2 protein chains.
Amino acid sequence: MSTRESIIHLADQLIRDQGYNAFSFYDIAKTLGIKNASIHYYFPGKTQLGIAVIKEQSRRFNVLKQAVADKRPAEQLRAFAHTYAATRQEERICIVGSLASDLHTLDTETGQSLALFAEEVIEWLETVLEQGKKLGDFTFAVPTRTKALLIITNLLGGLQLTRLTQPQDFYTIAETIIQELSPVQIKENNT
Amino acid sequence: MSTRESIIHLADQLIRDQGYNAFSFYDIAKTLGIKNASIHYYFPGKTQLGIAVIKEQSRRFNVLKQAVADKRPAEQLRAFAHTYAATRQEERICIVGSLASDLHTLDTETGQSLALFAEEVIEWLETVLEQGKKLGDFTFAVPTRTKALLIITNLLGGLQLTRLTQPQDFYTIAETIIQELSPVQIKENNT
DNA sequence: TTTTCTACCTACTAACAGGTAGGTATATTT
DNA sequence: AAATATACCTACCTGTTAGTAGGTAGAAAA
């Protein structure tokens, strides 16, 4: 991994661990064994680094998208949820949740970049849900976009809320999302 | 409102607008027309102010709880969701979402205070859902705690995600949560 | 061989952060 | 009237922040 890539990777980890306003150039520099000023060689300012992090997340999201494009909707959704589960295991949150929380402290470019990425994810999820519905793999009684919003907020919010409860709560949420979409639900009575 | 109360109120607004690490004592001081040092008179440090904000949120939550205690579960839930809708209109997010995002930068006391508050909310929601189920007002096929987690993450995450889309998306989410609990669902086909 | 480029570096700055020490005007209590 | 408590204040300190100016060793290109 190049220095540039390492900077982006570390910035991403720090943003999703501590938040955009809590990480500093020095945090990255000390880990990489370079000096603060060297980060400015690659990124003029924090804004540009932030945008690079969002773009990299978008790139990785598109890699996943392509990788699962031929699979069944349920499996696509499962792969998507799995990335959140991995994030949960790192005790981190998703980039959208992290930066949306700090939105009013970011400049407009960063905000626009983030909004673009969020819309990308929502739209992909809509197509997966539509596919699933057509194939009879998914059942849901609300408009597709609404269902997509509900699922994403469950995952995004789940990462944050379950930092305060237990990791297991997150996995329960993720499993439930998928279970609830199945047309035939084997109901167990948990009393 | 006393100076002390004003400080807490402003800190709360700032935390839920910009995030814990983005607000400064000076932000509060300038608005109140006092000096930085005067805030330290009421709160020894940022930590204590943060905890005071959480405790105030908890107090207000309990006021709401009492105010709706005698009402039907659906109306209790609606009142709860309404507080999030009001927050959405201010372009703010909820305290749990804001501070959970910054959790790894807070000291343990603050984190514990927050976790306590989050559990309070989850447990209240569980009892409301249980009540609703017993009365036949609510139907849901997952364990009560799971349903509570799903609803809270929808609201918490909805406030954050819809900062990037449109306010209407949040109201859709909030409405859908309540609609989906109703035992008889009048299904419309939105194509 | 000389020039240019890459990938850093040292050294610095201005702004801002939370926090502290100690002072003071006013109101309240004794 | 004297003592005390309240609710601030001025002045200062130390640490950290993003960011800048200009230098340099080594590799690549001309």
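Remember, predicted model here, so these are calculated numbers, not experimental data. The chains referred to below are lettered A, B, ... by the order of the sequence lines, with proteins before strands, and numbering in each begins at 1.
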List every contact pair, protein side and nucleotides 16-18 of chain D side both N or O, where the distance is under 3.5 Å.
| residue | atom | partner | partner atom | Å |
| --- | --- | --- | --- | --- |
| D:dT17 | OP1 | A:S24 | OG | 3.4 |
| D:dA18 | OP1 | A:F23 | O | 3.2 |
| D:dA18 | OP1 | A:K46 | NZ | 3.2 |
| D:dA18 | OP2 | A:F25 | N | 3.1 |

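As a whole-Å value, the separation of B:I34 CD1 from D:dA7 P is 12 Å. The distance from atom CZ of A:R4 to atom P of C:dT6 is 13 Å, rounded to the nearest whole Å. The separation between B:Y42 atom OH and D:dA7 atom P is 5 Å, rounded to whole Å. For the pair B:M1 CE and D:dA7 P, the interatomic distance rounds to 16 Å; values are reported in whole Å. The CG atom of A:L32 sits 15 Å away from the C1' atom of C:dC9 (whole-angstrom rounding).
Minimum atom distance to the side chain of A:A37 is reached by D:dA21, of the listed D:dA21, C:dC8, D:dC8. Closest to the side chain of B:K35, out of D:dC9, C:dC8, D:dC8, is D:dC9. Distances from the side chain of A:Y41 to the nucleotides D:dT10, D:dT20, C:dA7 place C:dA7 closest.
Cation-pi geometry between A:K55 and A:F117 is not met: the NZ or CZ atom fails to fall both under 6.0 Å from the ring centre and inside 45° of the normal.
Of the side-chain N and O atoms in B:T3, one or more sit less than 4.0 angstrom from OP1 or OP2 of D:dC8. OP1 and OP2 of C:dA7 both lie 4.0 Å or more from every side-chain N or O belonging to A:S38.
A salt bridge is absent between A:R72 and A:E75: the closest approach of a Lys/Arg side-chain nitrogen to an acidic carboxylate oxygen does not fall below 4.0 angstrom. Salt-bridge formation is detected for the pair B:E175/B:R78: a Lys NZ or Arg NE/NH1/NH2 atom is positioned less than 4.0 Å from an Asp or Glu carboxylate oxygen. Checked for salt-bridge contact, A:R145 and A:E119 meet the test: a charged N lies under 4.0 Å from a carboxylate O.
Of all heavy-atom pairs between A:L164 and B:A118, the closest is CD1-CB, 3.8 Å.
Between A:I93 and A:R163 there is a side-chain heavy-atom pair separated by less than 4.5 Å.
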